[in-house]
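Notes follow the structure.
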Amino acid sequence: MVMAALSDHPKDLHRYILQDQQPVVCNDELTWRTFMNDGGNLLVANDPAGMFQVITVFLGFNYGTTERPKFFQTTCLGADSENNPHYSATWQKAILRHRCSIKCGEILTNFEAERAAGIDRSWEFIDCNIVPGEMQFILKSEADALKAMPQDKKHWKRRGRVIVFCFDV
């Protein structure tokens with residue numbers, strides 16, 4: 001007989017509402033349903049990003065675990081990654097993820113315009129990270145990063161295969 005292993009990170013089965021942009025447990029189902037039925041309570045941000053649309057919402061539950069919560073979802077509509085949204089634990093991280101997705105959308109839109117004009121800066125985007133003060137766009141290779149950004153710019157730096165947008169510059 002095979003025993004299923006218990007997860008090291010238990011699921012959080014609570015319902016949540018936002019108070020001052022902080023997820024708080026809501027044990028009253030009627031209060032939670034009323035909160036969730038008001039779209040204004042759920043929408044964190046909704047912005048155009050070139051030829052894409054970036055939407056970040058509060059989920060009303062923890063999509064992650066108690067140790068690694070995920071209360072907010074950011075989706076870039078019209079992108080290949082539309083079916084793979086990003087999740088954040090806090091309002092502040094969700095806003096950063098949202099801004100990062102806007103930049104990605106703008107970069108991809110500009111890339112398509114350059115390609116249509118005959119400029120070849122082909123590169124393969126893998127993922128993005130947010131760390132204090134910067135957004136990092138991870139490309140498949142250093143050669144891809146060099147093609148995408150031949151030289152550093154005011155807010156942009158290239159570090160190996162990573163293109164970095166610096167907020168503080």
Side-chain angles (χ1 to χ4, degrees), residues 1-109 123-140 144-145 157 159-168:
M1 179 164 108
V2 178
M3 299 282 288
L6 293 176
S7 172
D8 291 338
H9 303 287
K11 281 291 200 183
D12 180 352
L13 302 176
H14 291 100
R15 292 181 291 249
Y16 290 82
I17 61 173
L18 289 174
Q19 288 181 351
D20 298 322
Q21 300 177 341
Q22 301 297 317
V24 295
V25 173
C26 181
N27 292 318
D28 181 62
E29 186 174 350
L30 181 59
T31 300
W32 181 78
R33 286 189 183 282
T34 300
F35 180 88
M36 294 301 291
N37 283 328
D38 182 347
N41 290 332
L42 308 180
L43 184 63
V44 174
N46 182 3
D47 293 290
M51 60 186 182
F52 306 99
Q53 189 72 24
V54 178
I55 299 173
T56 300
V57 296
F58 173 67
L59 298 171
F61 60 92
N62 181 357
Y63 189 75
T65 63
T66 53
E67 288 81 19
R68 297 181 57 105
K70 298 176 181 179
F71 295 109
F72 301 89
Q73 177 180 309
T74 300
T75 306
C76 186
L77 301 176
D80 291 342
S81 63
E82 184 174 322
N83 294 325
N84 297 310
H86 290 280
Y87 297 93
S88 305
T90 67
W91 180 281
Q92 293 77 15
K93 288 182 180 179
I95 290 295
L96 283 174
R97 172 61 70 183
H98 187 84
R99 289 180 185 158
C100 182
S101 295
I102 290 171
K103 278 291 179 201
C104 282
E106 291 170 348
I107 289 169
L108 290 173
T109 298
W123 43 266
E124 189 172 339
F125 174 77
I126 302 296
D127 199 4
C128 59
N129 283 329
I130 300 171
V131 297
E134 61 187 45
M135 294 184 291
Q136 302 173 343
F137 302 92
I138 304 164
L139 304 185
K140 184 175 182 180
D144 279 355
K157 308 288 179 224
R159 296 184 197 142
R161 69 181 190 134
V162 180
I163 305 290
V164 179
F165 177 78
C166 303
F167 294 112
D168 302 332

Provide the closest heavy-atom pair for T56 versus H98 in the form atom of the first, atom of the second, distance.
OG1-ND1, 2.7 Å
CD of Q22 to OG1 of T90: how many Å apart, nearest 0.5 Å?
7.5 Å
If we only count heavy atoms from C-beta on, is the R15 to F61 side-chain gap below 4.5 Å?
no
Do you know the tightest heavy-atom contact between N62 and P69?
OD1-CA, 3.3 Å
Separation between SG (C100) and NZ (K93), nearest 0.5 Å, reads 14.0 Å
Side chain proximity check, N46 to Q53, heavy atoms < 4.5 angstrom:
yes
What distance separates M135 CE from K103 NZ, expressed to the nearest 0.5 Å?
6.5 Å
Which heavy atom of F35 sits nearest to which heavy atom of L42, and what is that distance?
CE2-CD2, 4.1 Å
Please state whether the rings of F72 and W91 are parallel, tilted or perpendicular, taking 30° and 60° as the class boundaries.
perpendicular
Under a 4.5 Å cut-off applied to non-hydrogen side-chain atoms, are V44 and I95 in contact?
yes
Going by side chain to side chain contact (heavy atoms under 4.5 Å, CB included), I55 matches just one of L43, D47, T74. Which one?
L43
Listed partners of L13 passing side-chain contact (heavy atoms from CB on, under 4.5 Å), at least two apart
K11
From CG (N27) to CH2 (W32), nearest 0.5 Å:
12.5 Å
Over all atoms of both residues, closest heavy-atom pair of V54 and A49
CG2-CB, 3.8 Å
Heavy-atom closest contact (L18 atom, P23 atom, distance):
CD2-N, 3.7 Å
Any side-chain heavy-atom pair from R161 and I138 closer than 4.5 angstrom?
yes
Contact between H86 and D127 at the side-chain level, heavy atoms closer than 4.5 Å - yes or no?
yes
Is there a side-chain contact between L139 and I163 (heavy atoms, below 4.5 Å)?
yes
Tightest non-hydrogen contact, residues V162 and Q136, listed as CG1-CB, 3.7 Å
To the nearest 0.5 Å, what is the distance between OG1 (T34) and CD (E29)?
10.0 Å
Are T109 and F52 close enough that some pair of their side-chain heavy atoms sits under 4.5 Å apart?
yes
